[in-house]
Structures are given as structure tokens and as C-alpha cells.
Amino acid sequence: MKPYKSKRDIPLSDWKEAIHQVTALKNNYTTLLGFLYEIKDINLTDSHHFTVQISFISDCEIFKVHFPSFPMTPGFCLIEISKELLEKYLKTNVSLLEVKNIQIHTTISPINYPTVFFCFVKEENDENKLNKEAQESEK
């Protein structure tokens with residue numbers, strides 16, 4: 001792959017090859033923690049909010065193939081990091097069942113953004129409220 005100056009310079013064929021290489025690398029690891037990123041801080045605001053500060057490991061193989069002269073964090077890796085952080089907080093395995101709409105508006109590069117924050121908010125939907133009410137009424 002040739003050096004790129006921006007995301008717009010990357011041809012579709014190189015995107016496809018980079019995604020293939022990243023997927024192959026990711027399959028060698030059970031977690032991205034320690035390979036792609038490190039946790040710097042966890043802040044539990046209350047029972048419904050927590051924030052995790054991570055830093056990217058800039059010499060990670062993923063950034064060397066996605067892309068050597070213009071490293072950026074692949075979108076699916078951001079989703080995987082979110083999943084891993086949730087699992088760490090909840091102390092249980094989490095599965096992503098459905099994705100309705102994901103939009104990543106900023107390229108997250110380990111050069112421009114070596115440290116990022118993930119903010120989580122626990123919301124109770126109507127179904128959870130109904131289940132809790134039903135459980136309480138059975139008591």
C-alpha cells in the first residue's frame with residue numbers, strides 16, 4: 001500500500017484488503033485489551049453512568065495495516081472495545097444482537113487521539129420496567 005495523506009485518498013481495494021488483514025489479526029486475540037488499547041481510568045459516576053478512559057497502543061499491528069501512513073481505528077474495533085468495556089463493568093459476557101444504525105463521524109487515529117473516553121449510560125426501557133414491576137407484584 002502506498003502512503004496516504006487522508007482517508008479520501010484510500011482506494012476501495014485497499015480498504016477491503018486492510019479490513020481483511022485487520023480481521024485476520026483480530027482473530028488471533030480473544031480480546032483487544034492489551035493488544036489495541038489499555039485502560040487508563042474507570043470513573044463510576046453513579047449506578048447508571050460510567051466513563052472509561054483508554055489509550056491506544058500506537059505500534060499495534062492493526063494500525064500498521066489500517067493504514068501504515070494514516071493509521072485509524074477500524075469501526076468494528078471501536079464496537080468491540082465498547083463490548084469489552086461493558087463486559088468488564090458488568091462482570092459478565094455481553095452479546096451484540098442487533099445494530100440498527102452506527103455512524104462514526106470522526107476518524108480516530110492513535111496519533112491525533114491517543115487517548116479517548118467511552119461514556120456509558122444505563123437506561124431502562126419500558127420492557128425492563130414491566131418485568132421489574134411484574135417481579136415485585138409476585139412477591
- prompt: Any donor-acceptor pair under 3.5 Å linking the side chain of Ser95 with the backbone of Leu97?
  reply: no

- prompt: When the ring planes of Trp15 and Phe67 are compared, do they come out parallel, tilted or perpendicular, using 30° and 60° as the limits?
  reply: perpendicular

- prompt: Has Phe76 got more than 12 heavy atoms of other residues, nucleotides or ligands less than 6.0 Å from its CZ?
  reply: yes

query: Would a 4.5 Å heavy-atom cut-off, applied to side chains only, mark Val22 and Val65 as touching?
result: yes

field: Between Tyr89 and Phe50, ring centroids under 6.0 Å
entry: yes

message: Working to the nearest 0.5 angstrom, can you tell me the gap between Lys26 NZ and Cys77 SG?
response: 8.0 Å

task: Supply the atom-to-atom distance Ile79 CD1 to Glu84 CD, rounded to the nearest 0.5 angstrom.
output: 12.5 Å

message: As a test of understanding, state which of Thr45, Asp46, Leu44 forms a side-chain contact (heavy atoms from CB on, under 4.5 Å) with His48.
response: Asp46

task: Would you please test Ile81 and Ile54 for side-chain contact (heavy atoms from CB on, under 4.5 Å) and show each step?
output: CA-CA 10 Å; Ile81 291 169; Ile54 68 161; 4.1 Å; yes

- line: Here the pair of heavy atoms bringing Ile104 nearest to Gly75 is CD1-CA, 3.5 Å

- request: Could you check Ser58, Cys60, Pro110 and say which one makes a side-chain contact (heavy atoms from CB on, under 4.5 Å) with Pro71?
  value: Pro110

message: Could you check whether any side-chain N or O of His66 sits under 3.5 Å from a backbone N or O of Met72, counting only pairs where one atom can act as donor and the other as acceptor?
response: yes

- prompt: Between CG of Leu36 and CG of Leu25, what distance do you get to the nearest 0.5 Å?
  reply: 10.5 Å

Side-chain touch Gln53/Ile42, heavy atoms, less than 4.5 angstrom: no

Nearest heavy atoms of Thr115 and Ser55, plus distance in Å: OG1-CB, 3.9 Å

message: One pair to check against side-chain contact (heavy atoms from CB on, under 4.5 Å): Thr73 and Phe56. What are the steps and the verdict?
response: CA-CA 9 Å; Thr73 310; Phe56 290 107; 3.7 Å; yes

message: Donor-acceptor pair, distance only, cut-off 3.5 Å: does the side chain of Thr31 make one with the backbone of Leu33?
response: yes

- request: Begin with the C-alpha distance, continue with both residues' side-chain angles, and end with the deciding distance and a verdict on side-chain contact (heavy atoms from CB on, under 4.5 Å) for Tyr37 and Leu32.
  value: CA-CA 7 Å; Tyr37 71 98; Leu32 294 176; 3.7 Å; yes

query: Hey, quick one: are Leu96 and Leu86 part of the same hydrophobic cluster, counting side-chain heavy atoms closer than 4.5 Å, chains of contacts allowed?
result: yes

field: Close side-chain approach of Phe120 to Leu85, heavy-atom, < 4.5 Å
entry: yes

- request: Output, in order, the C-alpha distance, side-chain angles, deciding distance and verdict of side-chain contact (heavy atoms from CB on, under 4.5 Å) for Phe117 and Asp41.
  value: CA-CA 9 Å; Phe117 290 86; Asp41 187 36; over 6 Å; no

query: Should Phe35 and Val116 be counted in the same cluster of Ile, Leu, Val, Met, Phe, Trp and Tyr side chains packed under 4.5 Å apart?
result: yes

query: Once you round to the nearest 0.5 Å, how far does CD of Glu61 lie from OH of Tyr29?
result: 7.5 Å

- request: Would you name the heavy atoms of Leu78 and Phe118 that are closest together and state the gap between them?
  value: O-CE2, 3.9 Å

- prompt: Any Lys/Arg nitrogen of Lys83 or Glu87 sitting under 4.0 Å from an Asp/Glu carboxylate oxygen of the other?
  reply: yes

